[in-house]
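Residue numbering restarts at 1 for every chain, and letters A, B, ... go by the order of the sequence lines. We use all heavy atoms of the structure for the numbers below, so side chains are in, but hydrogens, waters and symmetry mates are not.
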Number of protein chains: 2
Amino acid sequence: MSDKIIKTFKNAETEKISHLDYFNIAVSVDCVILGYEDKQLKVLLIKSDLEEFSGLNSLLGDLVRPDEDLDEASYRILRERTGLNDVYLEQVQTFGRIGRHPSGRVITTAYFSLLDLHHHQLRINQNDLHWHPIHKIGKLAFDHKDILESCLHRLRQQVLERPLIFSLLPEKFSLRQLQEVYEAILGTELDRRNFRKKVSLKDWLVDLNEMEEDVPHRPGKLYKLNPALKKRLRAIFKVV
Amino acid sequence: MSDKIIKTFKNAETEKISHLDYFNIAVSVDCVILGYEDKQLKVLLIKSDLEEFSGLNSLLGDLVRPDEDLDEASYRILRERTGLNDVYLEQVQTFGRIGRHPSGRVITTAYFSLLDLHHHQLRINQNDLHWHPIHKIGKLAFDHKDILESCLHRLRQQVLERPLIFSLLPEKFSLRQLQEVYEAILGTELDRRNFRKKVSLKDWLVDLNEMEEDVPHRPGKLYKLNPALKKRLRAIFKVV
DNA sequence: GTTTAATGTGTTTCAGGTACATATTTGTAT
DNA sequence: ATACAAATATGTACCTGAAACACATTAAAC
């Protein structure tokens with residue numbers, strides 16, 4: 001990856017391999033934007049406007065601009081579509097099958113992010129955007145079902161080790177709520193006592209000394225994410 | 001990722017965003033090809049022929065051809081450079097900073113592979129290709145140091161859980177050799193007894209009922225990778 | 001044959017995870 | 001007011017896997 005490109009730039013006319021031969025692959029980014037509502041993990045989808053995929057939904061994506069970093073493109077999409085900046089985004093995998101886009105050769109890099117579906121700053125402007133429960137998703141446009149699966153797989157792998165999950169929840173939450181999110185992501189039931197023990201052993205939570213309100217049962221304590229951790233997360237993941 | 005490209009294809013003349021604006025990002029693949037020799041993990045590097053990086057080494061990579069899958073490109077590079085087909089390759093991460101390539105906008109997807117440095121089919125033809133011990137590598141061209149690190153990180157994460165390591169070794173190997181490879185990758189010393197116990201609990205190995213020869217000490221038993229596992233690996237990782 | 005250096009096989013200990021039970025607090029219905 | 005239902009909150013016993021550690025055995029080298 002250095003000799004060829006030189007030739008491409010300098011001898012485009014004389015070489016068999018011309019500039020356009022190589023520079024005709026488009027690069028896009030697709031975001032798996034996940035939220036949590038009604039004890040379900042949901043993903044933000046948009047109706048595909050390609051004839052080939054009429055009636056199907058697709059992930060939120062866009063072509064990468066020549067003057068923006070790959071990562072930046074994913075933040076831009078998230079910002080444009082949700083109005084949110086302060087959100088964790090992680091690159092997962094790049095999909096580059098020849099025939100994956102009907103209009104031409106497009107390779108795409110998949111990112112996932114978790115956000116609070118009820119965040120006050122959240123602006124889902126377009127009415128063709130919708131939150132879909134992940135276990136009720138059928139066919140998607142392009143190879144987006146594969147992309148979704150790979151992101152969910154990554155999420156499930158990491159969610160127990162790293163404090164990712166809190167972006168899905170409001171600022172204040174109870175341990176029951178937290179557990180329900182884990183159960184929605186992992187697709188399993190967890191033992192309440194063991195779950196609490198495990199969480200309390202990590203330094204992820206801060207007891208707010210407040211109680212739930214307006215719940216039809218005994219209210220539980222409220223917690224928030226450890227602010228020190230929040231800072232560290234920002235630094236590590238370069239959240240804008 | 002669907003509306004924009006439609007416009008790009010259909011209304012290139014009338015839209016502000018022209019075809020060439022988007023189709024001027026080149027896509028490349030870089031391979032971190034790892035081998036094992038003299039109790040060291042080594043990576044296959046090539047002298048960079050870019051003036052900007054004169055004197056520096058770089059990973060083996062190439063532009064992706066418009067008519068080949070992204071994954072296929074990585075296999076092609078491996079084949080062209082080593083003569084080997086039957087090798088495990090895994091996509092790790094895509095690097096897309098604007099300024100990462102001095103000659104233009106190029107995003108690159110990193111793959112790593114492990115192979116037996118003394119394999120009889122191995123053909124390192126070009127004399128500007130060299131195996132470098134990974135802990136003696138200084139600056140590399142482009143962002144290839146970052147790419148190398150991310151691949152090594154992935155390798156270290158997975159090597160204890162998945163039977164990847166065997167591609168680094170000859171067909172027949174002793175438990176000591178196997179342990180030495182693990183130690184080279186992880187950069188730590190392992191307890192011999194615990195290591196053997198751990199390995200024997202997995203179904204990775206088959207006892208060949210043969211002994212080492214020409215070793216200056218008591219010879220150890222020889223093992224090979226469980227053939228059933230080999231088949232499974234081929235299926236999973238689509239090794240050509 | 002004695003020494004040396006590696007192979008080959010336990011046992012003990014400790015930490016983390018899983019399974020499981022009981023007391024407490026609040027809301028709700030009577 | 002009282003009884004009941006439902007969820008919170010906390011503790012213990014058991015099991016599994018990892019880590020620390022010791023000794024007998026085999027073959028090469030002298």
Within the structure shown, what part of the strands sits under 4.0 Å from B:Lys197 by heavy-atom distance: base, sugar-phosphate, or nothing? base
* To do: Quick one: label B:Arg193 by what it contacts on the DNA or RNA (base, sugar-phosphate, nothing), any heavy atom closer than 4.0 Å.
  => base
Whole-Å distance, A:Lys198 NZ to C:dG16 P, equals 11 Å
Heavy-atom nearest nucleotide on DNA chain C taken for A:Asn194 and for A:Pro216; more 5' hit belongs to A:Asn194
| request: Hey, can you tell me if A:Trp204 and A:Phe166 have their rings parallel, tilted or perpendicular (30° and 60° cut-offs)? | output: perpendicular
Separation of C:dG10 atom C1' from B:Phe195 atom CZ, nearest Å, is 18 Å
| In terms of ring plane angle, is the pair B:Phe142 and B:His144 parallel, tilted or perpendicular, where the classes change at 30° and 60°? | tilted
Separation of D:dT8 atom C1' from A:Glu210 atom CD, nearest Å, is 17 Å
Rounded to whole Å, CG of B:Leu160 lies from P of D:dA18 at a distance of 10 Å
In whole angstroms, the gap separating C1' of D:dA9 from OH of A:Tyr223 amounts to 9 Å
Rounded to whole Å, CZ of A:Phe173 lies from C1' of D:dT8 at a distance of 17 Å
>> On the nucleotide C:dT7, are OP1 or OP2 found under 4.0 Å from the side-chain N or O atoms that B:Arg176 carries?
In response: yes
Ranking B:Leu201 and B:His217 by the position along DNA chain D of their nearest nucleotide, the one closer to 5' is B:Leu201
* Looking at C:dT26, does its base get a donor-acceptor pair with the side chain of A:Arg218 below 3.5 Å? -> no
Salt bridge (Lys or Arg N to Asp or Glu O under 4.0 Å) assessment of A:Lys47 paired with A:Asp128
CA-CA 6 Å; A:Lys47 276 235 173 309; A:Asp128 48 355; over 6 Å; no
In whole angstroms, the gap separating C1' of D:dA20 from CD of B:Glu189 amounts to 15 Å
To the nearest angstrom, the NZ-C1' distance between A:Lys221 and D:dT8 comes to 10 Å
Partner of B:Arg76 under salt bridge (Lys or Arg N to Asp or Glu O under 4.0 Å), picked from B:Asp62, B:Asp71, B:Asp69, is B:Asp62
Heavy-atom nearest nucleotide on DNA chain D taken for A:Pro219 and for A:Asp191; more 5' hit belongs to A:Pro219
- Item | Any donor-acceptor N/O pair, B:Gln91 side chain to A:Gln93 backbone, under 3.5 Å | no
